[in-house]
There are 2 protein chains.
Amino acid sequence: MAKITLKKIAETLGISVATVSKALKDYDDVSPETKAKVKSLAESLNYKPNFLAQSLRNQESKTIGLIIPEIVHHFFASIIAGVINAAKKKGYLVITLQSGESYDFEKKQIELLLDKNVDGILLSLADNTVDYMHLSNLIESGFPIVLYDKITKSIHCSKVVINDQKAAFNATQYLIDTGCKKIAHVRGPLKPQTTIDRFIGYKNALKENDIEFDTSIVFEAPHLSLEDGQKIAKEIYKNHKDVDAVFAFTDLTATGVMVGLKELNVKIPEEVSIMGFSNWLLTRITSPKLSTVNQPGFKMGKQAFKVLYKEIKDRKAKTKVEFKTVELPTKLVIRDSTR
Amino acid sequence: MAKITLKKIAETLGISVATVSKALKDYDDVSPETKAKVKSLAESLNYKPNFLAQSLRNQESKTIGLIIPEIVHHFFASIIAGVINAAKKKGYLVITLQSGESYDFEKKQIELLLDKNVDGILLSLADNTVDYMHLSNLIESGFPIVLYDKITKSIHCSKVVINDQKAAFNATQYLIDTGCKKIAHVRGPLKPQTTIDRFIGYKNALKENDIEFDTSIVFEAPHLSLEDGQKIAKEIYKNHKDVDAVFAFTDLTATGVMVGLKELNVKIPEEVSIMGFSNWLLTRITSPKLSTVNQPGFKMGKQAFKVLYKEIKDRKAKTKVEFKTVELPTKLVIRDSTR
DNA sequence: TTGAAAGCGCTAACAC
DNA sequence: GTGTTAGCGCTTTCAA
């Protein structure tokens with residue numbers, strides 16, 4: 001089955017390609033009769049415009065790029081789903097690429113996407129991205145780009161984030177409200193803003209409640225793994241017996257702490273409350289079930305696309321583009337690992 | 001920064017566009033000097049060919065489509081990662097779309113991708129896909145398409161699968177070898193081939209070991225959810241006290257069975273061994289840790305792309321395309337939920 | 001109301 | 001060795 005083109009339609013109808021094109025787009029300088037003829041033929045031949053040709057001509061590919069740190073990860077996978085979902089509604093397709101938390105990859109992926117003439121890019125910064133020249137240049141040149149989740153204040157563009165500070169504050173406050181007095185915190189690797197923000201939220205909650213901040217019970221989980229959590233559990237058990245709650249940067253690590261403490265016969269939540277972050281699937285499977293903060297990945301993906309879409313439209317229309325930062329609300333999900 | 005085109009280079013150098021194009025492609029009918037000039041200018045101007053124009057001209061987009069049943073799913077996410085990884089190595093980008101296990105979506109997504117001139121499609125059948133006309137037409141027309149994971153025998157094209165029968169056989173055999181006599185099976189929804197194959201593997205293992213097949217201890221988990229498993233656990237506890245092992249279609253359901261039985265004070269694995277399937281993250285978090293069958297998602301994604309890539313190349317070269325089915329090996333992962 | 005012509009950026013057959 | 005030309009399929013002036 002050879003491809004149906006405008007030309008073919010034009011030829012069989014004995015009219016010009018231009019008229020066919022216009023007829024199909026409902027231009028009002030084409031007679032109703034011609035329109036009808038063209039449309040019905042196009043329909044019956046199952047004509048599909050050639051996207052490539054359209055893109056080349058219109059300078060837009062109706063495709064966006066999505067750079068994600070790790071695909072195999074519940075939260076990020078949700079984001080992908082959200083982006084694809086929102087994009088489809090506007091006739092956009094999405095090319096997904098993985099940065100693997102590496103600055104070099106991140107740069108390369110952006111290049112790849114630009115080479116492919118995507119109309120915009122959705123980006124979550126790799127953890128070790130330190131300079132932002134590659135981005136600020138792009139943005140300055142007028143290319144639509146929206147940062148999501150892992151962002152940086154050093155870059156001036158639209159962003160979609162979770163209010164990590166507030167979320168962490170609420171989580172910590174909940175622990176305090178349920179009678180915990182000595183709350184440890186397991187933080188992630190130093191660099192990303194999320195690590196910093198959740199840490200600040202935690203500290204602020206302590207301060208607000210006149211609880212002394214004790215730096216010796218703030219632990220770093222370098223890989224945010226289960227094993228990291230288990231190690232930290234031992235450390236807590238050994239040197240910080242008075243800890244009665246742990247607020248961890250992410251569910252997996254929280255689970256690690258929980259598993260570790262359970263192995264040492266610490267009762268959860270009677271002796272120690274555990275609070276995670278993200279609300280992954282696994283939180284419903286641990287025993288006891290993990291209390292956590294719901295991080296709306298799917299919504300974030302949708303929202304990020306919407307913001308990007310608006311920017312793409314605005315730029316096309318030469319409207320002034322206003323950068324904005326959208327903050328998505330989180331919700332505490334209280335299960336059985338907290339008192 | 002206006003885009004650099006061949007034309008611009010040609011103009012500044014005072015030569016023709018054609019020569020520039022050829023020089024950059026190292027055609028040997030261009031003088032070394034010209035080549036050098038062109039290349040160095042292109043380099044310094046940071047010239048990037050326009051993909052759209054190239055695609056339009058060459059009738060290939062260097063993009064493939066990937067239709068995945070569910071993105072937010074450990075196994076499928078691994079596949080996405082594998083595909084993207086392999087594709088990148090060959091200069092291909094991938095557009096991911098989700099079928100949500102719906103036949104109608106599946107059809108629509110394929111259309112979308114074809115409209116976008118992708119060079120090939122990787123597809124895992126939606127569970128409720130029943131007729132295959134949309135596919136067989138495509139394949140007949142010579143479009144490269146490779147089925148992965150959920151396939152059907154009714155379609156003649158290349159496929160990448162796990163040997164589900166063998167995997168299930170081995171899993172069941174292991175249960176038998178460790179002394180289990182009455183092994184229940186929790187199967188998935190009826191339609192997909194995977195459900196059937198794992199069931200057959202289970203049955204074959206029983207037969208091979210002269211264990212009577214008892215249809216009353218084969219349960220169906222309609223949603224393959226944790227809850228399904230929990231319900232089945234109750235049923236087993238109530239009406240089939242002699243069951244001493246459960247082989248479930250997937251880890252989540254296996255976990256459900258395990259959680260359900262534990263709530264009824266059944267000892268795992270002493271009284272009942274539990275075997276899952278897939279080796280998701282959660283298997284390392286349950287207590288006891290779940291024994292399971294490793295399903296190599298990343299590898300499957302890589303392999304699927306490779307097969308598709310070969311087909312794309314072969315078709316371009318007008319070589320005869322030979323359909324093949326690649327079977328990926330699985331591995332038993334024995335943890336603590338089995339004796 | 002219609003169509004010829006130009007052009008998006010690139011490639012390739014062919015002529016010089 | 002280099003350039004001319006034509007064309008991939010589409011859109012959009014502008015002239016008829």
Side-chain angles (χ1 to χ4, degrees), chain A residues 1-39 41-42 45-63 91 114-119 316-318, chain B residues 1-39 41-42 45-63 91 114-119 316-318:
Chain A
M1 90 192 168
K3 282 257 169 170
I4 311 297
T5 66
L6 287 188
K7 198 171 153 194
K8 207 163 286 168
I9 296 183
E11 277 166 5
T12 42
L13 248 36
I15 57 180
S16 81
V17 175
T19 308
V20 176
S21 172
K22 282 193 256 181
L24 288 173
K25 310 216 106 150
D26 257 333
Y27 274 46
D28 36 46
D29 58 351
V30 179
S31 76
E33 300 87 56
T34 319
K35 267 189 204 172
K37 261 196 300 183
V38 171
K39 282 184 179 170
L41 183 60
L45 290 178
N46 193 24
Y47 166 75
K48 294 277 170 55
N50 182 325
F51 236 119
L52 253 23
Q54 276 180 328
S55 300
L56 179 59
R57 178 65 228 227
N58 300 337
Q59 308 280 29
E60 63 166 8
S61 64
K62 292 275 185 186
T63 306
L114 291 178
D115 287 356
K116 272 277 180 180
N117 301 281
V118 295
D119 294 343
K316 268 216 99 162
K318 309 267 187 223
Chain B
M1 90 191 170
K3 282 257 166 168
I4 311 298
T5 65
L6 287 188
K7 199 171 154 194
K8 208 163 286 168
I9 296 183
E11 277 167 5
T12 42
L13 247 38
I15 57 178
S16 82
V17 175
T19 308
V20 175
S21 172
K22 282 193 256 181
L24 288 173
K25 310 214 108 154
D26 256 334
Y27 273 45
D28 36 48
D29 58 350
V30 179
S31 77
E33 301 87 56
T34 320
K35 267 189 205 174
K37 261 196 302 183
V38 170
K39 280 185 181 171
L41 182 61
L45 289 178
N46 193 24
Y47 166 76
K48 294 277 168 57
N50 183 325
F51 236 118
L52 254 21
Q54 276 181 327
S55 301
L56 179 60
R57 178 66 229 223
N58 300 336
Q59 308 281 27
E60 64 166 7
S61 64
K62 293 273 184 187
T63 306
L114 292 178
D115 288 355
K116 273 277 180 178
N117 301 280
V118 294
D119 295 342
K316 268 214 100 164
K318 308 267 186 221

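Below, chain A is the first sequence line, B the second, and so on; all start at residue 1.
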Quiz item: Is there side-chain contact between B:Leu13 and B:Thr19, with heavy atoms separated by less than 4.5 Å?
Solution: no
Self-check item: Under-3.5 Å donor-acceptor pair between B:Lys7 side chain and C:dG7 base
Solution: no
Quiz prompt | Beyond-backbone contact of B:Ile9 with B:Ile4, side-chain heavy atoms, under 4.5 angstrom | solution = yes
Quiz item: What are the two closest non-hydrogen atoms of A:Lys116 and B:Thr63, and how far apart are they?
Solution: NZ-OG1, 2.8 Å
Quiz item: Can a side chain N or O of B:Ser21 be found less than 4.0 Å away from OP1 or OP2 on C:dC10?
Solution: no
Quiz prompt | d(CG, A:Leu24; C1', C:dG3) in whole Å | solution = 16 Å
Exercise. Counting heavy atoms from C-beta on, name the nucleotide in D:dT11, D:dG9, C:dC10 closest to the side chain of B:Tyr47.
Key: C:dC10
Exercise. Using a 4.0 Å heavy-atom cut-off across all strands, classify A:Thr34 as base, sugar-phosphate, or nothing.
Key: sugar-phosphate
Quiz item: Base, sugar-phosphate, or nothing: which does B:Thr5 touch, judged by heavy atoms less than 4.0 Å apart?
Solution: sugar-phosphate
Practice problem: Between A:Leu52 and A:Asp29, just flag the one whose closest nucleotide in DNA chain D comes earlier from the 5' side. | Solution: A:Leu52
Quiz item: When you measure from every atom of DNA chain D, which of residues 10-18 of chain A have a heavy atom less than 4.0 Å away?
Solution: A:Val17, A:Ala18
Quiz item: Just how far, in rounded Å, is C1' of D:dG9 from CG of B:Asp115?
Solution: 14 Å
Quiz item: Which whole-number value in Å describes the distance from B:Lys22 NZ to D:dT4 P?
Solution: 12 Å
Quiz item: How far does CG of A:Leu56 sit from CZ of B:Arg57, to the nearest 0.5 angstrom?
Solution: 12.5 Å
Practice problem: Identify which nucleotide among D:dG7, D:dC10, D:dG1 has an atom closest to any side-chain atom of A:Asn50, counting heavy atoms from C-beta outward. | Solution: D:dC10
Practice problem: Report yes if at least one side-chain N or O of A:Gln54 is closer than 4.0 Å to OP1 or OP2 of D:dT11; otherwise report no. | Solution: yes
Self-check item: Shortest side-chain distance from A:Pro49, nucleotide among C:dG9, D:dC10, C:dT1
Solution: D:dC10
Quiz item: What's the CG-C1' distance between A:Asn58 and D:dT12, to the nearest Å?
Solution: 10 Å
Exercise. May I have the distance from B:Lys116 (atom NZ) to D:dG9 (atom P), rounded to whole angstrom?
Key: 18 Å
Can you give me every donor-acceptor pair (side chain of residues 22-29 of chain B, partner residue at least two apart or in another chain, under 3.5 Å) with its distance?
from    : atom 1 : to      : atom 2 : distance (Å)
B:Asp26 : OD1    : B:Lys35 : NZ     : 3.4
B:Asp26 : OD1    : B:Lys39 : NZ     : 3.0
B:Asp26 : OD2    : B:Lys39 : NZ     : 3.2

Practice problem: Determine the minimum heavy-atom distance between B:Ser61 and B:Ser55, stating which atoms define it. | Solution: CA-OG, 3.6 Å
Practice problem: Take B:Arg57 and B:Glu33, find for each the nucleotide of DNA chain D with the closest heavy atom, and name the residue whose nucleotide sits nearer the 5' end. | Solution: B:Glu33
Quiz item: In whole angstrom, what separates B:Lys62's NZ from C:dC10's C1'?
Solution: 15 Å
Practice problem: Could you tell me whether B:Lys48 atom NZ has more than 12 heavy atoms of other residues or ligands within 6.0 Å of it? | Solution: yes
Exercise. Using a 4.0 Å heavy-atom cut-off across all strands, classify A:Tyr27 as base, sugar-phosphate, or nothing.
Key: sugar-phosphate
Self-check item: Side-chain donor/acceptor of B:Lys35 to base of D:dG1, under 3.5 Å
Solution: no
Quiz item: A:Gln59 has an atom CD; how far is it from atom P of C:dG7, in whole Å?
Solution: 14 Å
Quiz item: Mind checking whether B:Leu45 and B:Lys8 have side chains closer than 4.5 Å, heavy atoms only?
Solution: no
Practice problem: Would you mind telling me which of D:dT12, C:dG9, D:dT2 lies closest to the side-chain atoms of B:Ser31? | Solution: D:dT2
Quiz item: Separation of A:Lys8 atom NZ from D:dC8 atom P, in whole Å?
Solution: 11 Å
